[in-house]
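Step one of this worksheet: look at the structure below.
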Amino acid sequence: MAEEKLVSSRETYGKLLVELGKEYKNLVVLDADLSSSTKTCTFCREFPDRFINCGVAEQDMIGVAAGLAASGKIVFASTFAVFASGRAWDQVRVSVAYPRLNVKIVATHGGITTGEDGVTHQAMEDIAIMRSLPNLTVIVPADAIETANTIKALVKTHGPAYVRLNRPKVPLVYESENYGFKIGKALEMTGGKDLTIIACGIMVKISMDAAKLLQNEGISVRVINMHTIKPLDAEMIIKAAKETGAIVTAEEHSIVGGLGGAVAEVICENYPVPVVRVGMKDMFAESGKPQELLEKYGMTAKDVVAAAKLALSRKGK
Amino acid sequence: MGISREKIKELEEKARVIRRHIVEMIGRADSGHPGGSLSATDIVTSLYFYKMKIDPKKPELEDRDKFVLSKGHAAPVLYAVLAESGYFPVAYLKTLRQIGSSLQGHPDMLSLPGIEMTSGSLGQGLSVAVGMALANRMDKKDSKVYCLIGDGESQEGQIWEAAMAAGHHKLDNLIVMLDHNKLQIDGKVEDIKGIEPISDKWKAFRFNVIDNVDGHSIKDVCAALDKAAAHKGKPTAIIFETTKGKGVSFMEGVVGFHGRPPTKPELEKALQEL
């Protein structure tokens, strides 16, 4: 178990882009006037000729990304998650996902921990709307190390992808990059037999904390890091349902259509067991500090514990 | 310099054949958009048979020019021109919009060689063309990117985002061609949401503008394309004055034929005229 160390995923992303830029001469990076926030500015300083600031025009940025990719470039396009997904969704659908172009949309400021900027800047629906697009890989890394693994894997994989990172520094879940990361392959963080918590993003660490609390009460909990929302590792979910008989999902996202929705779809169709979703309860939040918001809107270890107990109480009924 | 009289004759004949394909394929499919395909026919014909550096036998030719049909509903004109160029057999045109066909209702770049970009949701093609032009510049290719947009399509905000990008980057390897046929689905463009003064708008977005070009005079179309391709320091917008449904008397200037196929008797009449 790694010690509690806070590392910024977007800084990791920015640094990695520079490394990859040296290796891949056809790698181009785009941003929409947020390069100092998304950290693509590090690439911009190193490779100004392969960086295009599209200005405050996210829809245009996605189209430009598609045109570059259609010309043989590996394109990384970054902005805040709320704009990359919602603002430019049809552009992603028609100009990127449908023609399967090699565009990697790496969105920062995902989720409620975007904090003080409030509802307009907190992407709480992006996983749902992006995972509904055919051909688009959707990944929510658990920490900075997994972010590095994700970006390195994506640069080698042709095709469109959406990656969701956070604004604040987040605790490390992993100690090193060698833990067997593979796109589309979920990872078991802790073994257990009474219940499984399936989480993504920052909720992986929070779910591991919850698992410890439950363990203290004698409940054996399996925690799964479902970093890839699409293509979803259905096999891992079904196995967990069969072996533990109850599922909790945990995401820093609306409970509508995101990880919880995706897991529920698999469970309902394959091996129905109780499912309880932890996440934003189909409402808009507000401005506040990240931790305050997680607490007020029910996305803490305590909330995961409560959900687990509810799922357990429904088990076998 | 310029285009010879013989070449003009040849292109006019080609455009006639392409117009026949358009009405025939849409008539047979009983679905599709004849109006905006016919208004753009002379422009797209001139591009493929006069202006662009392409090789239908090598669709992926490294330094080819590219055409992006941003007004994707004019897919029939693109398909007819590609077939006549030799990208695929002309006989395949009859599969337009049929299940299992590569000739999708709107262009799908993965379905057929020669289609440079997927389009159909209006306003998106010009941004893609900007990306292609930027890529050409990065790769030090002198290839051009030609993008055809509609006047109704010019109501899309993304067109102007892309225009601002092209002007900012001084993309003189990009040529925007406006099919100014003055009609859209619900009526006259100027009645629905006017786009005038359209030349001034493109100028304001830092474009070199060639306007008042008769989009149905092969000679004028080719001359404008030559001028545009030679212009340095700025992207060029050519405003082609066109007639929706051009070439079929009962479709010309008729709003209804934006997205309505001809009936059987109408198709016969159209083919007689062409």
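Predicted, not measured: the structure shown is a model, and the values here were computed from it. Letters A, B, ... are given to chains in the order of the sequence lines, protein chains preceding strands, and every chain is numbered from 1.
- The environment of B/Lys53 atom NZ is dense: over 12 non-hydrogen atoms of other residues, nucleotides or ligands sit within 6.0 angstrom.
- At least one donor-acceptor pair closer than 3.5 Å links the side chain of B/Gln158 to the backbone N or O of A/Gln59.
- Within a 6.0 Å sphere centred on CZ of A/Arg93, other residues, nucleotides and ligands contribute 12 heavy atoms or fewer.
- Interatomic distance, NE2 of B/His106 versus OH of A/Tyr98, reported as 10.0 Å (0.5 Å rounding).
- More than 12 non-hydrogen atoms from other residues, nucleotides or ligands lie less than 6.0 angstrom from NZ of A/Lys185.
- Atoms CE and CD, from A/Met61 and B/Glu161 in turn, are 10.5 Å apart once rounded to the nearest 0.5 Å.
- The 12-atom threshold is not exceeded at CD of A/Glu235, counting heavy atoms of other residues, nucleotides or ligands nearer than 6.0 Å.
- The pair B/Asp139-A/Lys73 meets the salt-bridge criterion, since a charged nitrogen lies less than 4.0 angstrom from a carboxylate oxygen.
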Starting from the C-alpha separation in whole Å, work towards a yes-or-no answer on side-chain contact (heavy atoms from CB on, under 4.5 Å) for B/Met138 and A/Asn26. CA-CA 9 Å; B/Met138 283 178 198; A/Asn26 62 334; over 6 Å; no
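- Using non-hydrogen atoms only and a strict 4.5 Å limit, the part of residues 75-91 of chain A facing chain B consists of A/Asp90, A/Gln91.
- Of the listed residues (A/Asp60, A/Leu101, A/Val64), the greatest number of heavy-atom pairs within a distance under 4.5 Å of chain B belongs to A/Asp60.
- For the residue pair B/Thr118 and A/Pro99, the shortest heavy atom distance occurs at OG1-CB, 3.5 Å.
- Of the listed residues (B/Val130, B/Leu134, B/Leu126), the one with the most heavy-atom contacts under 4.5 Å to chain A is B/Leu134.
- You'll find the side chain of A/Ile52 reaches within 4.5 Å of the side chain of B/His169, heavy atoms only.
- Of the listed residues (B/Ser121, B/Ser111, B/Gly72), the one with the most heavy-atom contacts under 4.5 Å to chain A is B/Ser121.
- More than 12 heavy atoms of other residues, nucleotides or ligands shown are found within 6.0 angstrom of CG on B/Asp55.
- For B/Lys141, no part lies under 4.5 angstrom from a heavy atom of chain A.
- Residue A/Lys25 places its NZ atom among more than 12 non-hydrogen atoms of other residues, nucleotides or ligands, all under 6.0 Å distant.
- With chain A as partner, the option from B/Gly125, B/Ser127, B/Ala135, B/Ala165 having the largest number of non-hydrogen pairs under 4.5 angstrom is B/Ser127.
- A heavy-atom distance below 4.5 Å is found between the side chains of A/Ser95 and B/Met117.
- Contact of B/Ala162 with chain A is made through backbone and side chain together, with heavy-atom distances under 4.5 Å.
- Shown here is A/Phe284, whose CZ atom has no more than 12 heavy atoms of other residues, nucleotides or ligands within 6.0 Å.
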Residue pair A/Leu68, B/Met132: steps toward the side-chain contact (heavy atoms from CB on, under 4.5 Å) verdict: CA-CA 5 Å; A/Leu68 285 158; B/Met132 290 173 174; over 6 Å; no
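- Within 6.0 Å of NZ on B/Lys227 lie no more than 12 heavy atoms contributed by other residues, nucleotides or ligands.
- Counting heavy-atom pairs closer than 4.5 Å to chain B, the top-ranked of the candidates A/Ser71, A/Ala70, A/Gly55 is A/Ser71.
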